[in-house]
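I have placed the structure first, in the form of structure tokens, so that the comments after it can refer back to it.
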There are 2 protein chains.
Amino acid sequence: MNSFTEENYLKSIYHLSVTDDESVSTNSIAAALNTKAASVTDMLKKLADKKLINYAKYQGVSLTDEGRAVAINIVRKHRLWEFFLMEKLHFKWDEVHELAEELEHISSAELIDRLDRFLEYPKYDPHGDPIPDRNGCIKTDELKPISVLPINSRGTIMGVREHAPAFLQYLAKLQLTIGIQVHVADIIDYDQSVILKLNNKNSVTISREVAKNILVTI
Amino acid sequence: MNSFTEENYLKSIYHLSVTDDESVSTNSIAAALNTKAASVTDMLKKLADKKLINYAKYQGVSLTDEGRAVAINIVRKHRLWEFFLMEKLHFKWDEVHELAEELEHISSAELIDRLDRFLEYPKYDPHGDPIPDRNGCIKTDELKPISVLPINSRGTIMGVREHAPAFLQYLAKLQLTIGIQVHVADIIDYDQSVILKLNNKNSVTISREVAKNILVTI
DNA sequence: TGATTTTTTTAGATAAGTCTAAATTTATTA
DNA sequence: TAATAAATTTAGACTTATCTAAAAAAATCA
Ligand SMILES: [Mn+2]
Ligand SMILES: [Mn+2]
Ligand SMILES: [Mn+2]
Ligand SMILES: [Mn+2]
């Protein structure tokens, strides 16, 4: 079995490698885990010994197939717990992530499969991220940030790129949550702010920065 | 915050002091936690420093009010998770304890209060043990082992004194589970074996050892 | 009571995970 | 390409929790 710490490293490497694509740097892992580069190097050696990552000094790291399987399983647990917390315990979408950071380390596979069944096999977590199935298969829908939509186009909010509670609370206040249809009414020349019309006729203005972090299907 | 290890020590001391009453010995803690006496001594010093236990060298330990509050909170979490696992995820009563040993360390009080509400404030866990409320109040029903019942008396199974999976599986096979009414049909002179009649007319024979570990109300 | 056994504590090691400071390697840029 | 800057690794130290072996205290009993 892997320790909580090892699991957190593997998960971070996984997330960094899906966004960054290439091999992951020591410093980026340190930043993600809020730790120091020296600590990361120590852990990378250990994970390499366990054949969970490919690591050559100064070269960055990537996950092995086994390491990726471990990481995806933690992501699966994280997202299923998030769904449970929101759906059954009625937490808000900005509250579930922190709690899931603990729950994702509960080890039992039987438990998570039963939770999956109890929740009726949800496909997406409260932030729109896909939940891997028990075989580690994970959907990859093509989502676009609102910032690339042209004036007068429409989209449905399906995810976010940023999970900070403050950001999620802000979106909730604007009623910009998963499943909501938006219509790009205007884009301000000066700073690229986006004016959205919602189905309920409300109109909200968001900065380009915010628009980049909201994902939609067209 | 206390570490998992500290929480496990406090919980063990709590359980040992409710069954044994007086102050708890180093060796009994070591036995309960499957560790060595030397390790226990080290931890006792730390817990005493944190004012969670009363400890004087060679004198055994007892919980302070604060230590007891921490312990009871862990027991609350343990039993609520056990109830969830059985009620919602349909685990068997011999499977839930091990899983709850992990879940009891999830820290959020908000989470456990919401879980409590979701489960509709259960009073007892799957083994008949009372679930402390959020203020740490815990019911203490007077339960008697079947072994003290005279011939021809009746009782309702309300708990067990032994939580080992093998024991619980054995009881389940005999249909001796929580809520079942039993009638003491006979007690064998030779070895004090107890012959029970159930409501469904079935008759089962259990050893005195087993009879001691099944608790009933009359 | 005095000797023996049991219990508990101390001493000293080990392993995991973290840190700071220094050294080394790689990347940048003049 | 040589100097400088940035990234990474190493060295050495610290904390937590654990262990074995030895010492000390308490309990038992002849
Ligand atoms: Mn999350
Ligand atoms: Mn999420
Ligand atoms: Mn239990
Ligand atoms: Mn129980």
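The sequence lines fix the lettering, A, B, ..., with proteins before strands; numbering per chain opens at 1.
- You'll find the side chain of B:Val96 stays beyond 4.5 Å of the side chain of B:Glu87, heavy atoms only.
- The residue A:Tyr55 sits close only to the backbone: its heavy atoms come under 4.0 Å of sugar-phosphate atoms, none of a base.
- We find that CG of B:Asn8 is positioned 17 Å from P of D:dT16, with the value rounded to whole Å.
- The interatomic distance linking B:Tyr9 (OH) with D:dT18 (C1') rounds to 8 Å, in whole Å.
- Ion pair B:Arg76/B:Asp116 flagged as a salt bridge, since at least one NZ, NE, NH1 or NH2 atom sits closer than 4.0 Å to an Asp/Glu carboxylate oxygen.
- When distances run from any side-chain atom of B:Lys57 to the nucleotides C:dT25, D:dT10, C:dT9, the shortest one goes to C:dT9.
- Note on B:Thr41: a base of the nucleic acid sits closer than 4.0 angstrom, heavy atoms only.
- Defined by atom type and a distance below 3.5 Å, a donor-acceptor pair is present between the side-chain atoms of A:Asp129 and A:His163.
- Counting only N and O atoms by type, the side chains of B:His97 and B:His78 include a donor and acceptor under 3.5 Å apart.
- Between the CG atom of B:Asp42 and the C1' atom of C:dA11 there is a distance of 10 Å, rounded to whole Å.
- The distance from atom OH of B:Tyr58 to atom C1' of D:dA27 is 13 Å, rounded to the nearest whole Å.
- Closest contact between the side chain of A:Thr26 and the listed nucleotides C:dT8, D:dA21, D:dT8 involves D:dT8.
- A heavy-atom distance below 4.0 Å to DNA chain C is reached by these residues of residues 28-36 of chain A, ordered by number: A:Thr35, A:Lys36.
- For the pair A:Lys11 and A:Glu7, the salt-bridge criterion is not met [side-chain N within less than 4.0 Å of a carboxylate O].
- For A:Arg161, the salt bridge (charged side-chain N to carboxylate O under 4.0 Å, His left out) test picks out no residue, with sequence neighbours left out.
- Remark: P of C:dA16 and CD of A:Glu7 are 16 Å apart, rounded to the nearest angstrom.
- The nearest whole Å value for the distance from the CD atom in A:Glu6 to the C1' atom in C:dA15 is 12 Å.
- At least one side-chain heavy atom of B:Tyr9 sits under 4.5 Å from a side-chain heavy atom of B:Ser39.
- Distance, A:Met43 CE to D:dT10 P: 16 Å, rounded to whole Å.
- Tested against A:Leu10 for a side chain to side chain contact (heavy atoms under 4.5 Å, CB included), the candidates A:Ile72, A:Leu47, A:Val75 yield a single pass: A:Leu47.
- Using a 4.0 Å cut-off between charged nitrogen and carboxylate oxygen, B:Glu82 and B:Arg79 do not count as a salt-bridge pair.
- In this structure, B:Ser39 reaches the bases: a heavy-atom distance under 4.0 Å links it to at least one base atom across the strands shown.
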Nucleotide N/O to protein N/O under 3.5 Å, stretch nucleotides 2-6 of chain C:
none

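- For A:Ala37 and A:Gln59, each mapped to the nucleotide of DNA chain C holding its nearest heavy atom, the one lying further toward the 5' end belongs to A:Ala37.
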